[in-house]
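I have placed the structure first, in the form of structure tokens, so that the comments after it can refer back to it.
Keep in mind that what you see is a predicted model, and the values were worked out from it rather than measured.
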Amino acid sequence: MPDNLPDCLSTGLDGHPSWRIPLDEHDVAVRLECDGITNEVAAAHYGFPGVHAMAHSWYPRVSGLAEGQLGETALSNQVLEHLRGTAFAVPLALCCAVMIYFGYSLWGGDLESGAAAAVAIGTVASFVVTGGVVQAMAWQGLFYAGSGDFRMSAVACHRWTCYGAVVLAATAAAGVLINAQYGWLSGNMLWLALAFFLSLGLLWLGTGILYIVDAPLKVTVAALCGVAVVLILHGLLRLPLIMSQIAGVLTASGIAFAAGLRILGERHKGDSSRIYPRKIMHTVYLTAPYLVYGSLYYALLFLDRLMAWTAQTAGSAIPLIFRGDYELPHDIALIGFVLSVGWAHASTRSFYVRVQALLRTSTLDRTAVFNNRMRKFHLMKVVSFLPAAWLVNLGLWLIAREAGFLVTPQAERIAAVALAAFPLLTVGLWNVSLLFALSLPWAVLPPAIAAVVLNGSSGYALSRVGTYDLAIFGFLLGAAAFGIGSSIVVRNRFERLDYFYLVAGV
């Protein structure tokens with residue numbers, strides 16, 4: 001008896017013209033007869049005594065096949081999609097690896113305590129200040145590109161780059177005025193912090209353009225060139241580390257901007273479509289949730305470090321001490337984050353595939369079934385990911401400990417807690433991508449705000465009551481609040497996913 005389905009029983013999930021899942025055996029029989037399968041054909045070619053017997057046998061198989069293929073389709077190319085998602089974080093992994101091996105990288109390293117503190121302030125501030133600008137630029141640039149208006153997409157990127165430069169300059173000026181009032185940083189330390197803040201801020205804006213044009217490999221090339229400049233100037237020519245790092249960052253920024261602007265120019269070459277005038281207040285209104293979320297995300301990433309760096313500073317001339325023994329375990333944990341963050345990209349792709357497959361088999365009177373299946377899909381994705389990610393991170397922690405990178409109990413604890421937190425953060429990132437896709441950006445903010453507040457408050461309390469390294473538990477609590485809170489928001493929205501999906505026009 002042939003195992004292949006007749007074309008008339010295809011549900012559209014295997015590449016054939018789409019028929020919906022049969023309602024019952026009689027529906028299957030009608031399809032068979034419409035396709036020319038008579039009782040004689042059913043007996044001669046399929047081994048059944050008649051059409052109705054064939055329909056009775058095939059109906060459970062057709063329904064089961066349709067359900068099974070939904071999952072199979074969603075899981076196709078998962079490894080490739082995971083690697084594609086991980087590619088965006090490869091530069092971060094490279095910088096962490098160089099830091100671990102050489103003791104310095106594109107920023108940071110073995111510096112005098114005051115200089116290290118200044119570099120840390122400039123680095124963290126550059127992420128937080130430009131994070132929102134890059135998110136807003138990505139949203140608007142990808143919106144125009146998705147509409148086929150590549151010329152306006154390029155214009156949006158140009159405008160947001162200028163906005164970002166203005167924000168960087170204004171923030172630097174505000175920092176100078178605040179420091180003049182409170183005297184936290186001496187003159188040399190202040191200018192050092194500003195140098196890293198401005199140069200790294202430009203780097204994040206440049207790499208943001210490359211992410212928008214989907215060129216992660218060029219981001220990696222830019223980062224590698226910057227690191228190479230640092231290694232040559234400091235490692236070979238013995239120039240001061242800070243000077244070498246600023247030169248490396250500026251090199252990477254220049255390469256990123258050149259590559260990104262070139263790709264944007266090629267995309268809209270010959271496109272004479274309309275350029276919409278600047279409406280700054282209107283743009284800020286539309287992009288406000290993206291601006292806020294970008295800054296909140298980086299605040300969540302770095303707030304525990306600030307709590308650790310500002311704890312127990314009574315003997316220091318400034319209210320911040322850069323602690324390398326806290327930073328190194330964090331860098332090791334970031335490698336685990338890079339390994340798992342591709343799951344968010346792959347799972348977002350699976351979401352679209354799953355929705356499209358279910359839509360082919362859904363009717364207007366079965367929207368509740370569609371929504372419930374997607375809620376189950378979301379739950380199963382999270383439940384299957386977390387244990388696997390924690391297991392991988394446990395292996396990374398054991399390798400780092402055996403290799404001698406975690407030399408103290410405090411370092412082991414910091415790395416272990418951070419490795420436990422990053423999978424929860426990854427779940428939150430996936431939820432954010434889903435909410436953005438459904439045009440629900442404001443829904444992202446409550447769990448992000450709660451995560452930042454919990455991270456900062458608990459990290460502050462723990463690092464003041466106990467030792468400074470206990471601030472890492474603030475990061476764990478913040479990541480848990482972000483992952484769990486955003487999951488609750490997503491599942492609540494999925495109760496009406498049919499409506500939000502339709503309105504978003506995905």
*asked:* Walk me through whether Lys381 and Trp343 qualify under side-chain contact (heavy atoms from CB on, under 4.5 Å).
replied: CA-CA 10 Å; Lys381 276 288 184 182; Trp343 172 85; 4.1 Å; yes
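- For the ring pair (Phe, Tyr, Trp, His ring centres under 6.0 Å) with Phe422, the qualifying choice from Trp397, Phe475, Phe482, Phe385 is Phe475, the only one to do so.
- With contacts defined as side-chain heavy-atom distances shorter than 4.5 Å, the pair Asp304/His330 qualifies.
- No donor-acceptor pair closer than 3.5 Å links the side chain of Arg493 to the backbone N or O of Phe500.
- At a threshold of 4.5 Å between non-hydrogen side-chain atoms, the residues Leu424 and Leu386 count as touching.
- Atoms OH and CD1, from Tyr144 and Ile212 in turn, are 13.0 Å apart once rounded to the nearest 0.5 Å.
- The shortest side-chain heavy-atom distance between Tyr460 and Leu306 does not fall under the 4.5 Å cut-off.
- Under the 30°/60° scheme for interplanar angles, the aromatic rings of Phe102 and Tyr104 are found to be tilted.
- In this structure a side-chain-to-backbone donor-acceptor pair under 3.5 Å is missing from Thr467 to Ser463.
- Residues Leu233 and Met243 are not in side-chain contact: their nearest non-hydrogen atoms beyond the backbone lie 4.5 Å or more apart.
- Evaluation of the salt bridge (charged side-chain N to carboxylate O under 4.0 Å, His left out) rule for Arg262 yields Glu266 as partners, not counting sequence neighbours.
- A donor-acceptor pair under 3.5 Å is absent between the side-chain atoms of Asp149 and the main chain of Ala145, judged by distance alone.
- No donor-acceptor pair under 3.5 Å is formed between the side chain of Ser244 and the backbone N or O of Val230.
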*Do Leu303 and Val452 pass the side-chain contact (heavy atoms from CB on, under 4.5 Å) test, and can you show the C-alpha distance, the side-chain angles, and the key distance before you say yes or no?*
CA-CA 8 Å; Leu303 198 52; Val452 171; 3.9 Å; yes
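- To the nearest 0.5 Å, atoms CG (Leu419) and CD1 (Ile472) are separated by 9.0 Å.
- Side-chain contact between Arg305 and Val124 is absent, with no heavy atoms from C-beta onward closer than 4.5 Å.
- Looking at every heavy atom in both residues, Ala400 comes nearest to Ile332 through CB-CG2, 3.9 Å.
- Between the side chain of Asn455 and the main chain of Leu300, a donor-acceptor pair closer than 3.5 Å is present.
- Leu291 contributes atom CG, which lies 10.5 Å from atom CH2 of Trp139 (distance to the nearest 0.5 angstrom).
- For Ser105 (side chain) and Val98 (main-chain N/O), no donor-acceptor pair under 3.5 Å exists by modelled atom type.
- Scanning all heavy atoms of the two residues, the minimum distance from Met189 to Gly114 falls at CE-O, 3.2 Å.
- A donor-acceptor pair is defined here as one N or O able to donate and one able to accept, closer than 3.5 Å; such a pair exists between the side chain of His234 and the backbone of Leu239.
- Tyr468 carries Arg323 over the face of its six-membered ring, with the cationic atom under 6.0 Å from the centre and within 45° of the normal.
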*Check against side-chain contact (heavy atoms from CB on, under 4.5 Å), Leu194 and Val176*: CA-CA 9 Å; Leu194 289 176; Val176 171; 3.6 Å; yes
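- Of all non-hydrogen atoms in Trp184 and Pro319, the two that sit nearest each other are CD1-CG, 3.9 Å.
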*Determine, stepwise, if the pair Val382 / His378 fulfils side-chain contact (heavy atoms from CB on, under 4.5 Å).*
CA-CA 6 Å; Val382 173; His378 179 269; 4.0 Å; yes
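- With a 4.5 Å cut-off on side-chain heavy atoms, Ile121 and Phe197 do not count as touching.
- When all heavy atoms are compared, the tightest approach of Met137 to Cys157 is SD-O, 3.6 Å.
- When atom types are taken as modelled, the side chain of Ser295 and the backbone of Val292 share no donor-acceptor pair closer than 3.5 angstrom.
- Two residues are said to be in side-chain contact when any heavy atoms from C-beta on lie closer than 4.5 Å; Glu327 and Trp309 meet this criterion.
- Separating the CG atom in Leu168 from the CG atom in Leu205 is a distance of 5.5 Å, to the nearest 0.5 Å.
- For Gln312 (side chain) and Gly466 (main-chain N/O), a donor-acceptor pair under 3.5 Å exists by modelled atom type.
- For CG of Asn492, the number of neighbouring non-hydrogen atoms (other residues, nucleotides, ligands) closer than 6.0 Å is greater than 12.
- Under the 3.5 Å distance criterion, with hydrogens and angles disregarded, a donor-acceptor pair is assigned to the side chains of Arg464 and Thr310.
- With ring centers used as reference points, Phe302 lies under 6.0 Å from Phe127.
- Under a 3.5 Å cut-off, the side chain of Thr130 and the backbone N or O of Val133 do not form any donor-acceptor pair.
- A donor-acceptor contact closer than 3.5 angstrom links the side chains of Ser126 and Trp204.
- Within the 4.5 Å cutoff, the side chain of Ile449 has heavy atoms near those of the Leu296 side chain.
- From Arg413, atom CZ reaches atom CG of Leu470 across 5.0 Å, with rounding to the nearest 0.5 Å.
- Nearest heavy-atom pair, Val392 versus Leu339, reported as atom, atom and distance to 0.1 Å: CG1-CD1, 4.3 Å.
- Shown here for Ser487 and Val427, the closest heavy-atom pair between the two residues is OG-CG1, 3.6 Å.
- For the atom pair CZ (Phe196) and CG (Leu106), the distance works out to 8.5 Å, reported to the nearest 0.5 Å.
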